[in-house]
*Asks:* 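Let me give you the structure first, and then I'll get to my questions.
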Amino acid sequence: MSSTESPSVPAASVLPRVAPVRVGEGERIRSVGLPGVTLSVRSRPPARAGLPAALFVHGLGGSSQNWSSLMAELDGVVDGEAVDLPGFGDSPPPDDGNYSVTGHARAVIRYLDACGRGPVHLFGNSLGGAVATRVAAVRPDLVRTLTLISPALPELRIQRTAVPTGLLGVPGIAALFTRLTREWTAEQRVRGVLGLCYGNPGQVSPEAFRHAVDELERRLQLPYFWDAMARSARGIVDAYTLGGQHGLWRQAERVLAPTLLIYGGRDQLVGFRMARKAARAFRDNRLLTLPEAGHVAMMEYPQVVAAAFRELLAEAREPGGAPDTGSAADAGS
């Protein structure tokens, strides 16, 4: 594994020059070269030595920045790192062009094997939740606990509001969407994304909105932006159709790590009804439902999510403690 550290690390030299990614206060970014893939990794210097390692995996269209608030809340609890999946954030596309759930999971596994930080407390949101589920199922040695926030696990009845995202995976749709929305400003696009992902978009501060616009403007300059989005969306759809031992729900049943499940009552992308199905599938789980949250609870309610993880951590540390399987806790705003 090779890596370099700096306040911000540009994408691979073969890519066009774009503005550097934003690095929040107390954060640093490094680029890690692995077989077939280069990953950008965001981290916070650990508050003290000996903290347990954690890895955060973002969702479709997201980046490691999605975890900045939660990582700050968990400062002093874990030694946290957030990865940009291949083709997202500041990570260039994978060499083989594989954006499937399995391809993304393979990149995460390669990183964990190379960095030697495992087993980690693994977090995943949306697409990252599906990726984290697969990692925990096939490599239980790498995962100490699993925290899934609105994981993109197969649904029989997809919400209508999630259909456009799924359609991005249909060949030609991304190019058509690009043509149809050519006149849209970055501000208009960000407002649409926030309206889809947040339970209450009005809680996004003007500063956070400006940062989101700047990041989208940066990404839109990357020639592979829509390709990464479309292929990753197709990867989710393909994962939904897999059966047998490779099916995500079957793999969820194989997860051994204590699991925290978090679902938002206003989620327009992952059905709230899936919370109970997930609680039945994961054998050692705790279920937290947030009625006012949307699809990105770690960004909307980082303090609540951090408190729930600390409880999971305390239970996992109890010697001989009985797992609180399938229990549910409700929290409002």
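Predicted model only: the values in this text are computed from it and were never measured.
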*Asks:* For the atom pair CE (Met299) and CD1 (Ile149), what is the distance rounded to the nearest 0.5 Å?
*Replies:* 11.0 Å
*Asks:* Please enumerate all residues that pass side chain to side chain contact (heavy atoms under 4.5 Å, CB included) together with Ala252, with sequence neighbours excluded.
*Replies:* Thr133, Trp249, Ala281, Phe282
*Asks:* Look at the side-chain heavy atoms of Ile, Leu, Val, Met, Phe, Trp and Tyr, link any pair under 4.5 Å apart, and say whether Met274 and Phe272 land in one connected group.
*Replies:*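 Same cluster: Met274 reaches Phe272 through Ile, Leu, Val, Met, Phe, Trp or Tyr contacts under 4.5 Å.
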*Asks:* Kindly write out the residues that satisfy side chain to side chain contact (heavy atoms under 4.5 Å, CB included) with Asp214, not counting sequence neighbours, or none if the list is empty.
*Replies:* Arg210, Glu217
*Asks:* Please report the closest heavy-atom contact between Gly129 and Pro151, naming both atoms and the distance.
*Replies:*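 Shortest heavy-atom contact: CA-CB, 4.0 Å.
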*Asks:* Does any non-hydrogen side-chain atom of Arg250 lie less than 4.5 Å from one of His246?
*Replies:* no
*Asks:* Measure the shortest side-chain to side-chain distance between Leu70 and Phe309 over non-hydrogen atoms and say whether it is less than 4.5 angstrom.
*Replies:*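 Result no, sub-4.5 Å side-chain heavy-atom pair not found.
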*Asks:* Is there side-chain contact between Leu220 and Trp226, with heavy atoms separated by less than 4.5 Å?
*Replies:* yes
*Asks:* In terms of hydrophobic clusters joined by side-chain contacts under 4.5 Å, are Leu216 and Tyr198 together?
*Replies:*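 Yes.
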*Asks:* Please identify each residue that fulfils salt bridge (Lys or Arg N to Asp or Glu O under 4.0 Å) with Asp96, with sequence neighbours left out.
*Replies:* none
*Asks:* Check Leu287 against Ala279 and note the closest heavy-atom contact, atom names and distance.
*Replies:* CD2-CB, 4.2 Å
*Asks:* Measuring from atom CG of Asp79 to atom CE of Met71, what distance do you get when rounded to the nearest 0.5 angstrom?
*Replies:* 8.5 Å
*Asks:* I'd like a table of donor-acceptor pairs (distance under 3.5 Å, sequence neighbours excluded) in which one partner is a side-chain atom from residues 200-208, with atom names and distances.
*Replies:*
residue	atom	partner	partner atom	Å
Asn200	OD1	Gly202	N	3.1
Gln203	NE2	Glu300	O	3.2
Ser205	OG	Ala208	N	3.1

*Asks:* If the condition is salt bridge (Lys or Arg N to Asp or Glu O under 4.0 Å), which residues does Arg22 pass it with, not counting sequence neighbours?
*Replies:*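 Not a single residue meets the salt bridge (Lys or Arg N to Asp or Glu O under 4.0 Å) criterion with Arg22.
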*Asks:* Report yes if the side chains of Val270 and Gln268 come closer than 4.5 Å at any heavy-atom pair, otherwise no.
*Replies:* no
*Asks:* Does any part of the side chain of Tyr301, heavy atoms only, come nearer than 4.5 Å to the side chain of Ile262, both counted from C-beta?
*Replies:* no
*Asks:* Just how far is it from atom OH of Tyr99 to atom CG of Leu127, taken to the nearest 0.5 Å?
*Replies:*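 Those atoms lie 12.0 Å apart.
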*Asks:* Scan the side chains in residues 48-68 for donor-acceptor partners under 3.5 Å anywhere in the protein, sequence neighbours excluded, and list what turns up.
*Replies:*
residue	atom	partner	partner atom	Å
Arg48	NH1	Gly76	O	3.1
His58	ND1	Gly62	O	3.4
His58	NE2	Leu85	N	3.0
Ser63	OG	Gln65	N	3.1
Ser63	OG	Arg219	NH2	3.3
Ser64	OG	Arg42	NE	2.9
Ser64	OG	Asp84	OD1	3.0
Gln65	NE2	Glu215	OE1	3.4
Asn66	OD1	Ser63	N	3.3
Ser68	OG	Glu27	OE2	2.6
Ser68	OG	Gln65	O	3.4

*Asks:* Test of understanding: with side chain to side chain donor-acceptor pair (under 3.5 Å), list the residues that count as partners of Arg106, not counting sequence neighbours.
*Replies:*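 Arg106 satisfies side chain to side chain donor-acceptor pair (under 3.5 Å) with no residue once adjacent residues are dropped.
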*Asks:* Hey, quick one: are Val305 and Val77 part of the same hydrophobic cluster, counting side-chain heavy atoms closer than 4.5 Å, chains of contacts allowed?
*Replies:* yes
*Asks:* Tell me, please, which residues at least two apart from Thr145 pass side chain to side chain donor-acceptor pair (under 3.5 Å).
*Replies:*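 Thr145 satisfies side chain to side chain donor-acceptor pair (under 3.5 Å) with His121 only.
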*Asks:* Nearest heavy-atom pair of Leu256 and Pro140: which atoms, and what distance?
*Replies:*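 Nearest pair, atom of Leu256 first, then Pro140: CD1-CB, 4.3 Å.
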*Asks:* Out of curiosity, does Phe88 fall in the hydrophobic cluster containing Phe225 (side-chain heavy atoms, cut-off under 4.5 Å, transitive links)?
*Replies:* yes
*Asks:* Who passes salt bridge (Lys or Arg N to Asp or Glu O under 4.0 Å) against Arg139, sequence neighbours left out?
*Replies:*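 For Arg139, the residues satisfying salt bridge (Lys or Arg N to Asp or Glu O under 4.0 Å) (neighbours in sequence not counted) are Asp113, Asp141.
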*Asks:* Please name all residues satisfying salt bridge (Lys or Arg N to Asp or Glu O under 4.0 Å) with Glu81, sequence neighbours left out, ordered by chain then number.
*Replies:* Arg30, Arg117
*Asks:* Working to the nearest 0.5 angstrom, can you tell me the gap between Leu313 CG and Leu260 CG?
*Replies:*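 Here the rounded value is 11.0 Å.
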*Asks:* Leu248 and Ala152: which non-hydrogen atoms are nearest, and at how many Å?
*Replies:*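 Of all heavy-atom pairs spanning Leu248 and Ala152, the closest is CD1-O, 4.0 Å.
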*Asks:* Any chain of hydrophobic side-chain contacts (each under 4.5 Å) joining Ile109 to Tyr111?
*Replies:* yes
*Asks:* I'd like to check the side chain to side chain donor-acceptor pair (under 3.5 Å) partners of Thr147; sequence neighbours left out, ordered by chain and number.
*Replies:* none
*Asks:* Roughly how far, to the nearest 0.5 Å, is the CG atom of Asn125 from the CE atom of Met298?
*Replies:*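 Output value for this atom pair is 3.5 Å.
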*Asks:* Which heavy atom of Pro86 sits nearest to which heavy atom of Ser91, and what is that distance?
*Replies:* CA-CB, 4.1 Å
*Asks:* Does any pair with a residue in residues 253-266 pass side-chain hydrogen bond (donor to acceptor under 3.5 Å, both in side chains), and if so which ones, sequence neighbours excluded?
*Replies:* Arg266-Glu292
*Asks:* Could you give me the CA-CA distance, side-chain angles and deciding distance for His295 and Leu196, then say whether side chain to side chain contact (heavy atoms under 4.5 Å, CB included) is met?
*Replies:* CA-CA 8 Å; His295 191 60; Leu196 189 63; over 6 Å; no
*Asks:* Could you tell me which non-hydrogen atom of Ala136 sits nearest to which non-hydrogen atom of Val143, and how far apart they are?
*Replies:* CA-CG2, 3.8 Å
*Asks:* Calculate, to the nearest 0.5 Å, the distance between atoms CG and OG belonging to Leu290 and Ser150 respectively.
*Replies:*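 Reported value, rounded in 0.5 Å steps: 9.0 Å.
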